[in-house]
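Contents: one structure, followed by commentary.
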There are 2 protein chains.
Amino acid sequence: MARTPPGKQPQDPGTPDALPRHARAGKAVTIRDVAKVAGVSPITVSRALNHPELVTPETLERVRAVVSRTGYVPNEIAGSLRSRRSGIVAAVFPQITNSMFVDTIQTLTDCLRQEGYQVLLGLSSYEEREDELIAGIVGRRPEGIYLTGVAHAPETRRRLIASHIPVVEAWDLSPSPIDMLVGFSHEKAGEAMARHLLAKGHREIGLVWGNDLRAGVRRQGLLSVLAENGIHEVPTSLEPAPGMFQRGREGLAELLGSGARVSAVACSSDVLAQGVIAEARDRGIRIPEDIAVMGFGDFDFAAHTSPSLTTIAIEKALIGRLAAQALLARIQGREVPERIVDVGFRLVERGST
Amino acid sequence: MARTPPGKQPQDPGTPDALPRHARAGKAVTIRDVAKVAGVSPITVSRALNHPELVTPETLERVRAVVSRTGYVPNEIAGSLRSRRSGIVAAVFPQITNSMFVDTIQTLTDCLRQEGYQVLLGLSSYEEREDELIAGIVGRRPEGIYLTGVAHAPETRRRLIASHIPVVEAWDLSPSPIDMLVGFSHEKAGEAMARHLLAKGHREIGLVWGNDLRAGVRRQGLLSVLAENGIHEVPTSLEPAPGMFQRGREGLAELLGSGARVSAVACSSDVLAQGVIAEARDRGIRIPEDIAVMGFGDFDFAAHTSPSLTTIAIEKALIGRLAAQALLARIQGREVPERIVDVGFRLVERGST
DNA sequence: CTGTTAGCGCTTTCAT
DNA sequence: ATGAAAGCGCTAACAG
């Protein structure tokens, strides 16, 4: 289609440093073209590019010259097929607009790039079927797979285990990960939120909460501690995921509209908390004097925008780095120090909640 | 290494519905294994999976049964090599933590997934050499490439053009894109900011500005309009990219510390603007009464957190969608409606800046 | 509708 | 240090 018509200039096919004719007609330059022009064998070209130390300086230079002159770009697909190393690591996140995951993605990608790996990005939320996404990914034979969360369909687990590809699950804890794990306990995080609010004297606590899986676990933790302390009525506004800002506004409105009295509102994410705070301001409610607000997770974001928001801070970049290190260790045949890493979380109190 | 020792059970190699022995020793199941067990030829298996309509229902079912029983996952690397279709689209962004790009990535990925394409994510900022990243990408023979921005090294341009891979540049405008383009004019955006501030009566305008490429163009536009209106002194605090929140705080502090009098502060991004607003609040400066603040780009974020921030809104998801459509059209051999699309921007006034 | 043949472009293996 | 042969696993092209 976009092919240029064959050149009209006479071209001696025997001239060693001329491009083979077909290479000038739109087809990609192959290693054999380079080899022919450089007057060596294909394997020598391969070595010159991948293991220059195995080649005489003169040969090396000659090959390099031809490579740059012809614009040869090695076909990594062919290389991958033969060498069984795809140079790819897949990373699956529910969604990227969540702002919760971007730091992890950034760090993960950076760390992997440094070792020559490219990242295949999978976003699973808009397709219900994570399994389908993963099936597609496994077919590309990545050398490692990063997964968000530990809840996967049994067939997904089987598929991944059968694939023998190193897997890191992240952002959560599990006694029986597929392979490796870097995360923290959402239950404990929820408990920590409850304990903090109780310690601050709050007994009338409302929830503005996203209904995703991990948030649900945090809520369990939170509610169980409240229950232990005799608090069983916890007015809750459950927001459809992804828990964005506007949902936070609506959440507080719903709580207050229901007639519930609350001295504190706990949110499943800092974005929701921002919405709650905005709505409160609009209603002349002072934060944290009238209502204390507590968030979760996206500490950087929260720190920036709400000096009065106490939150649970997650080291998102650390998760990415540790995940990358774990995968790289396995890929490169090194010992993995710990198969399961709990990075924990910190409660960051600000604005005397 | 992880190989299980060969099974001890007697296994008649001739039995058609038995797995070939080597398949049970840790090696991946291939199409030939499936073919043998199903009693058909490899190509029939291939067709059953990729073009089921070309195969009898009975054959189809038999193949599918064997596939699911053996856990066969087609090796897309081999398929890609032979068919010359990698099923991959590469997307390059400066960085993902910028929050400016996430909506675009999300939409782009979603649109491409729907057509069966996976996204290879490239983050170019932490490696100075975009060209190296792109060289690595081109070697993987993606069927399309999304690039952020229009400023690329000449050799990158050459490489991309020579590759014949469809390319969309985005987030910017250029009279001579590599191939296709979806963006908007940063110069005009800057001009719009200036005109708005002037219309509001501001003559003492300060800048808190990131020093990345596109921001620089916006600044040019802004300054030129100010100059046309006789304003030549524009106190500026230039922040190293990425322009994060904290930089905004520091930026305002620097402006005020320098003794400049400003009635309005224009920022190169909404995140910076948030920082400026936070710093102002801490200093008891009212926004927008004492100082008006203007931002750029991340409208959703800004809308959520600062009702008093006027900003230039960019339809980030639209950019992703259009870019995906353009690439898909080219990949699928359809006509591309417009090679260059200007999505424009809107000035969103809030809080009577 | 199904099969045979060949080969995508590279790198492994073994030889020199 | 370099090369020849073989083949990774799949699908295009052509039979039948």
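Below, read A as the first sequence line, B as the second, and so on, with proteins coming before strands; counting in each chain starts at 1.
- Within 4.0 Å of B/Arg47, counting heavy atoms only, lies at least one base atom of the nucleic acid.
- With rounding to whole Å, A/Leu54 atom CG is found 14 Å from D/dG3 atom C1'.
- Minimum heavy-atom separation, A/Ala38 to A/Val66: CB-CG2, 3.8 Å.
- Rounded to an integer number of Å, the gap from B/His51 NE2 to D/dT11 C1' is 8 Å.
- Residues A/Tyr72 and B/Glu53 both approach DNA chain C. Their nearest nucleotides, taken by heavy-atom distance, put B/Glu53 toward the 5′ side.
- Distance CG (A/Leu81) to P (D/dG7): 14 Å, rounded to an integer number of Å.
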Where do B/Tyr146 and B/Ile319 land on the side-chain contact (heavy atoms from CB on, under 4.5 Å) test, with the steps shown first? CA-CA 11 Å; B/Tyr146 169 103; B/Ile319 293 178; 4.2 Å; yes
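- For the pair A/Ile31 CD1 and D/dG3 C1', the interatomic distance rounds to 13 Å; values are reported in whole Å.
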Exercise for review: Could you check A/Leu327 against A/Val89 for side-chain contact (heavy atoms from CB on, under 4.5 Å), going step by step and ending with a plain yes or no?
Suggested key: CA-CA 9 Å; A/Leu327 288 174; A/Val89 168; 3.8 Å; yes
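- At a threshold of 4.0 angstrom between heavy atoms, the contacts of A/Thr59 are confined to the sugar-phosphate backbone, with no base atom among them.
- A 6.0 Å sphere centred on CZ of A/Arg85 holds no more than 12 heavy atoms belonging to other residues, nucleotides or ligands.
- B/Trp171 and B/Phe101 have perpendicular rings, their planes meeting at more than 60° on a 0 to 90° scale where under 30° would count as parallel.
- The span of DNA chain C lying next to chain A, judged by atoms under 4.0 Å from heavy atoms, is bounded 5' to 3' by C/dG9 to C/dT12.
- Mapping B/Val40 and A/Pro74 onto DNA chain C via the closest heavy atom, the residue that lands nearer the 5' end is B/Val40.
- As rounded to whole Å, 11 Å separates atom P of D/dC10 from atom CD1 of B/Ile43.
- Distances shown here put a side-chain N or O of B/Ser46 below 4.0 Å from the OP1 or OP2 atom of D/dT11.
- Not one side-chain nitrogen or oxygen of B/Ser83 sits closer than 4.0 Å to the OP1 or OP2 atom of D/dT11.
- Of all heavy-atom pairs between A/Glu335 and A/Ala329, the closest is O-CB, 4.1 Å.
- Atom CZ of B/Arg82 and atom P of D/dA13 are 7 Å apart (whole Å).
- The nearest whole Å value for the distance from the NZ atom in B/Lys36 to the C1' atom in D/dG9 is 13 Å.
- The number of heavy-atom neighbours closer than 6.0 Å to CD of B/Glu155, taken from other residues, nucleotides and ligands shown, is above 12.
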